[in-house]
Amino acid sequence: MEEIDRQIMALLADDGRMSFTDLAKETGLSVSAVHQRVRRLQKRGVIKGFAAQLDNEQIGLPLTAFISIKPIDPAAPDDAPDRLAHLTAIEACHSVAGEESYILKVRVASPNELEDLLQRIRAAANVATRTTVVLSTPWESRRPPLY
């Protein structure tokens, strides 16, 4: 990957709403060249999209937790992600090595909602759970080093 593409990605990772004009100024390219490079990065799947970062407390989801799951029956099909996809409180599902099969990142409004979500996860996927509640988040959503 070319250095100029890495620079464009870093700029967009810091500010996904940066205009093509501003990207051109920062990179020394023409606006049309920047536009072409961004479109090419999108087509290749390097840039998957642009999203707003929300303040979870202000939207009523102040409680974050990580839920480790493992199947109750180890011989059962490994289809937990499909069985849990309908639960919108699950923000991320990571397949992991170790005792558990997956770690889920969830955001809910209260401990009662977390308890309800745990019951729905167990029922939907026939799994055992282990939960870690987040007390605070000094930082997250860091962009990867692109240099």
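Ile67 and Ile72 end up in different hydrophobic clusters when Ile, Leu, Val, Met, Phe, Trp and Tyr side chains are linked at under 4.5 Å. Residues Val38 and Met9 share a hydrophobic cluster, clusters being chains of Ile/Leu/Val/Met/Phe/Trp/Tyr side chains in contact below 4.5 Å. No single ILVMFWY cluster, assembled from side-chain heavy atoms under 4.5 Å apart, contains both Val134 and Leu118. Follow the hydrophobic side-chain contacts under 4.5 Å out from Leu61 and you never reach Val133; the two are in separate clusters. Transitive grouping of hydrophobic side chains (ILVMFWY, heavy atoms separated by less than 4.5 Å) brings Val34 and Leu12 into a common cluster.
When all heavy atoms are compared, the tightest approach of Asp22 to Ser19 is N-OG, 3.0 Å.
Looking at Leu11 and Thr27, their side chains come closer than 4.5 Å, going by heavy atoms from C-beta outward. A heavy-atom distance below 4.5 Å is found between the side chains of Arg122 and Thr129. Between Ile90 and Ile121 the shortest side-chain heavy-atom distance falls below 4.5 Å. Residues Val127 and Lys70 form no side-chain contact, since every pair of their non-hydrogen atoms from C-beta on lies 4.5 Å or further apart. Side-chain contact between Leu63 and Pro111 is present, with at least one heavy-atom pair separated by less than 4.5 Å.
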Could you give the side-chain donor-acceptor pairs of residues 99-107 under 3.5 Å, partners two or more places apart or in another chain?
from	atom 1	to	atom 2	distance (Å)
Glu100	OE1	Arg130	NH2	3.4
Glu100	OE2	Arg130	NE	3.1
Glu100	OE2	Arg130	NH2	3.1
Tyr102	OH	Asp78	OD1	2.8
Tyr102	OH	Asp78	OD2	3.2
Lys105	NZ	Glu91	OE2	3.4
Lys105	NZ	Glu140	OE1	2.6
Arg107	NE	Glu91	OE1	2.5
Arg107	NH1	Thr64	OG1	2.8
Arg107	NH2	Glu140	OE1	3.4
Arg107	NH2	Glu140	OE2	2.8

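Separating the CG atom in Leu41 from the CZ atom in Arg44 is a distance of 6.0 Å, to the nearest 0.5 Å. For the atom pair Gln42 CD and Arg37 CZ, the distance stands at 14.5 Å (nearest 0.5 Å).
Among pairs with a residue in residues 9-18, those fulfilling side-chain hydrogen bond (donor to acceptor under 3.5 Å, both in side chains) read Asp14-Arg143, at least two apart in sequence or across chains. Within the structure, ring pair (Phe, Tyr, Trp, His ring centres under 6.0 Å) pairs that include any residue of residues 69-101 do not occur (at least two apart or interchain).
Partners of Ser32 by side chain to side chain contact (heavy atoms under 4.5 Å, CB included), not counting sequence neighbours, listed by chain and number: Ser30. Under the ring pair (Phe, Tyr, Trp, His ring centres under 6.0 Å) criterion, Phe20 pairs with His35, not counting sequence neighbours. Scored by the side-chain hydrogen bond (donor to acceptor under 3.5 Å, both in side chains) test, Asp116 finds Arg120 as partners (sequence neighbours excluded).
Atom CD of Gln119 is surrounded by more than 12 heavy atoms from other residues, nucleotides or ligands within 6.0 Å.
A donor-acceptor distance shorter than 3.5 angstrom exists from the side chain of Asp55 to the backbone of Gln58, with no hydrogens or angles considered.
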